[in-house]
Amino acid sequence: MSKRRRSLFEDKQHLVRMAGIFAAGIVIFLGLQMALVPKTFGLYGHYRAAAIGEEASKPLTFAGRATCATCHLAVIDAHKAGKHARIGCESCHGAQLGHSKDPAHAKAQKPDPKKLCPACHEMNVARPKWFKQVKSAEHSSGEPCNTCHQPHAPQL
Amino acid sequence: MSHPPEPKSRREFLAQGAKFVLLTGAASVAWESILAGTPETAPNYKTSEHWWAMTIDIEKCIGCGACVRACKTENKVPLDSRFFRTWVERYHVKGADREHPEVDSPNGGYDGFAEIYPAGDGAKSFFVPKMCNHCSHSPCTQVCPVGATFETPDGVVLVDATYCLGCRYCVQACPYGCRYIHPETNTADKCTLCYHRLTKGLTTACCETCPTEARKVGDFKNPSDPIHEFLRNNNIQVLKPQMATGSKTYYRALDGAVR
């Protein structure tokens, strides 16, 4: 029996077959990746960058005090002079973007001073000491706050 | 008679297409950027020009709950008392027992706080508004297995609800308890720092309605933003600094008893 020296590439058809399977696998992987991974994934980091724009395009409900100032000039002027000057309109009047877009139909409701004012000014030991607080039951004997105080520009 | 398309005509077609894209591109950048979700290319807002943070002044918070109500309205957070993007806690620290403060937050402060502590009981009592701290090394984004939550280039931690599996890892990872699973979508939900408002030049709903300006959103990349002065001139603390979360919610006059 003569011992034949085996060539390194003697069984190369096996290698070719394996390489073919690998290549096919890679092509399938790349195809699936292209089909399944969102286009913007990985643009800025390990997330879908398009989600940033989707978040930014969500609808608003609060118009912001600058929007209110475009129409309610007289009350804004009065508001500027008082102690409530730095309080936003929608802090008391609620979200008013709907009203700002369609003032004729979406009417803003007047808040009830008996409920609204104590939300901030009712006596509470946890409130900071500098903040004006009253026990409304003793303070006004049931009269609404705006009998004496002007909510837009309180002097008292 | 049918001829195969000539190379010339195809080249013309491509040239025309390219020209169409280039000419209309400038006009449609705004719309495209919204569709494609790349605010980097939006004309009025560049993520690279902002780095958002929040400041909260404990000595200004009066516990009215306006922020909680505004947040739920603006962001359509379920009115159930288990789901909040922001809420207010009342602390009651008795004398030297700083390890065991009494903390309550009835309905997250949504309806305000009824007086439950007698005046002059010798305790220290104050309100602490809480919200997502928009950490710059946020533990919640690190544990997400699918990349559904992330820090934006302008420093806001967001959730991609279309990508979220609802596995709840992030809810457990947040050391501040700022996340919840939305009962309708079954995905993680949290404060977005009103990203839809910030990108339009508006402030957040909670800051818009806070009557004492206890909360203020700030932009570190704006040199004239008051946040720089606020941080420089006051005693500032973040929640759980030992967690090294890189929290960007800065509290002024925060008591050490706050957890």
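Chain letters run A, B, ... following the sequence lines, proteins first, then strands; residues in each count from 1. Note that these values count all heavy atoms, side chains included, but never hydrogens, waters or copies made by symmetry.
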### Task
Taking atom OH of B:Tyr169 as the centre, report whether more than 12 heavy atoms of other residues, nucleotides or ligands fall under 6.0 Å from it.
no
### Full working for side-chain contact (heavy atoms from CB on, under 4.5 Å) between B:Thr73 and A:Phe62
CA-CA 9 Å; B:Thr73 306; A:Phe62 284 86; 4.0 Å; yes
### Task
Give a yes or no on this: more than 12 heavy atoms of other residues, nucleotides or ligands lie within 6.0 Å of atom CD of A:Gln109.
no
### Task
Specify which of A:Cys120, A:Ser91, A:Ala95, A:Pro118 makes the most heavy-atom pairs with chain B at under 4.5 Å.
A:Ser91
### Task
Would you indicate whether the side-chain heavy atoms of A:Val125 and B:Phe126 approach each other to under 4.5 Å?
no
### Query
Do A:Thr61 and B:Glu74 pass the side chain to side chain donor-acceptor pair (under 3.5 Å) test, and can you show the C-alpha distance, the side-chain angles, and the key distance before you say yes or no?
CA-CA 5 Å; A:Thr61 56; B:Glu74 177 73 19; 2.6 Å; yes
### Message
Can you confirm whether the side chains of A:Arg86 and B:Thr212 place a donor and an acceptor under 3.5 Å from each other?
### Response
no
### Task
Against chain A, label B:Thr141 side chain, backbone, both or neither, depending on which of its atoms sit under 4.5 Å from a heavy atom there.
neither
### Query
Within a reach of under 6.0 Å around CG of B:Asn235, are more than 12 heavy atoms found that belong to other residues, nucleotides or ligands?
no
### Message
Apply side-chain contact (heavy atoms from CB on, under 4.5 Å) to residues B:Lys60 and A:Trp130 and explain how you reach the verdict.
### Response
CA-CA 9 Å; B:Lys60 281 186 178 175; A:Trp130 62 266; 4.3 Å; yes
### Query
Which distance, rounded to the nearest 0.5 Å, do you find between the CZ of B:Arg197 and the NZ of A:Lys58?
14.5 Å
### Message
If I measure from the heavy atoms of chain A, does B:Cys61 come under 4.5 Å with its side chain, its backbone, both, or neither?
### Response
backbone
### Query
So do B:Thr162 and A:Arg48 actually touch side chain to side chain, heavy atoms under 4.5 Å?
yes
### Query
Which atoms of B:Ala123 come close to chain A, meaning under 4.5 Å heavy atom to heavy atom: side chain ones, backbone ones, both, or neither?
neither
### Side chain, backbone, both or neither of A:Ala66 within contact of chain B (heavy atoms, under 4.5 Å)
neither
### Query
Based on non-hydrogen pairs under 4.5 Å, which of B:Gly120, B:Gly63, B:Ala66, B:Ala70 is most in contact with chain A?
B:Ala70
### Nearest atoms (heavy-atom pairs only) where B:Thr192 meets A:Glu55
CG2-OE2, 3.4 Å
### Query
When you look at A:Tyr47 and B:Leu158, which way does the side-chain contact (heavy atoms from CB on, under 4.5 Å) test go after all the steps?
CA-CA 10 Å; A:Tyr47 61 91; B:Leu158 295 179; over 6 Å; no
### Summary
So, the part of B:Cys194 with a heavy atom under 4.5 Å from chain A: the answer is neither
### Query
What's the spacing between B:Cys64 SG and A:Leu116 CG if we round to 0.5 Å?
9.5 Å
### Query
Can you tell me if NZ on A:Lys39 sees more than 12 non-hydrogen neighbours from other groups inside 6.0 Å?
no
### Task
Answer yes or no: is there a side-chain heavy-atom contact under 4.5 Å between A:Arg65 and B:Glu208?
yes
#### Entry: Proximity breakdown for B:Phe113 and chain A, heavy-atom pairs closer than 4.5 Å
both
### Message
Using heavy-atom distances under 4.5 Å, tell me whether B:Thr152 contacts chain A through its side chain, its backbone, both, or neither.
### Response
both
### Query
If you look at every heavy atom in B:Pro153 and A:Ile52, which pair is closest and at what distance?
CD-CD1, 3.8 Å
### Greater than 12 external heavy atoms within 6.0 Å of A:Lys129's NZ
yes
### Task
Would you check if the side chain of B:Lys200 reaches a backbone N or O of A:Ala56 as a donor-acceptor pair within less than 3.5 Å?
yes
### Task
Would you indicate whether B:Lys221, at its atom NZ, is surrounded by more than 12 heavy atoms from other residues, nucleotides or ligands within a distance under 6.0 Å?
yes
### Summary
Applying a strict 4.5 Å limit to non-hydrogen atoms, the region of B:Val146 in contact with chain A is backbone
### Task
Give the minimum heavy-atom separation between A:Leu60 and B:His196, together with the two atoms involved.
CD2-CD2, 3.4 Å
### Query
Closest approach of A:Met123 and B:Glu115, non-hydrogen atoms and distance?
O-OE2, 3.9 Å
### Message
Need one label for B:Arg90: side chain, backbone, both or neither, based on atoms under 4.5 Å from any heavy atom in chain A.
### Response
side chain
### Query
Does the ring centre of A:Phe41 sit less than 6.0 Å away from the ring centre of B:Tyr163?
yes
### Query
Rounded to the nearest 0.5 Å, how far apart are CD1 of A:Ile87 and SG of B:Cys210?
9.0 Å
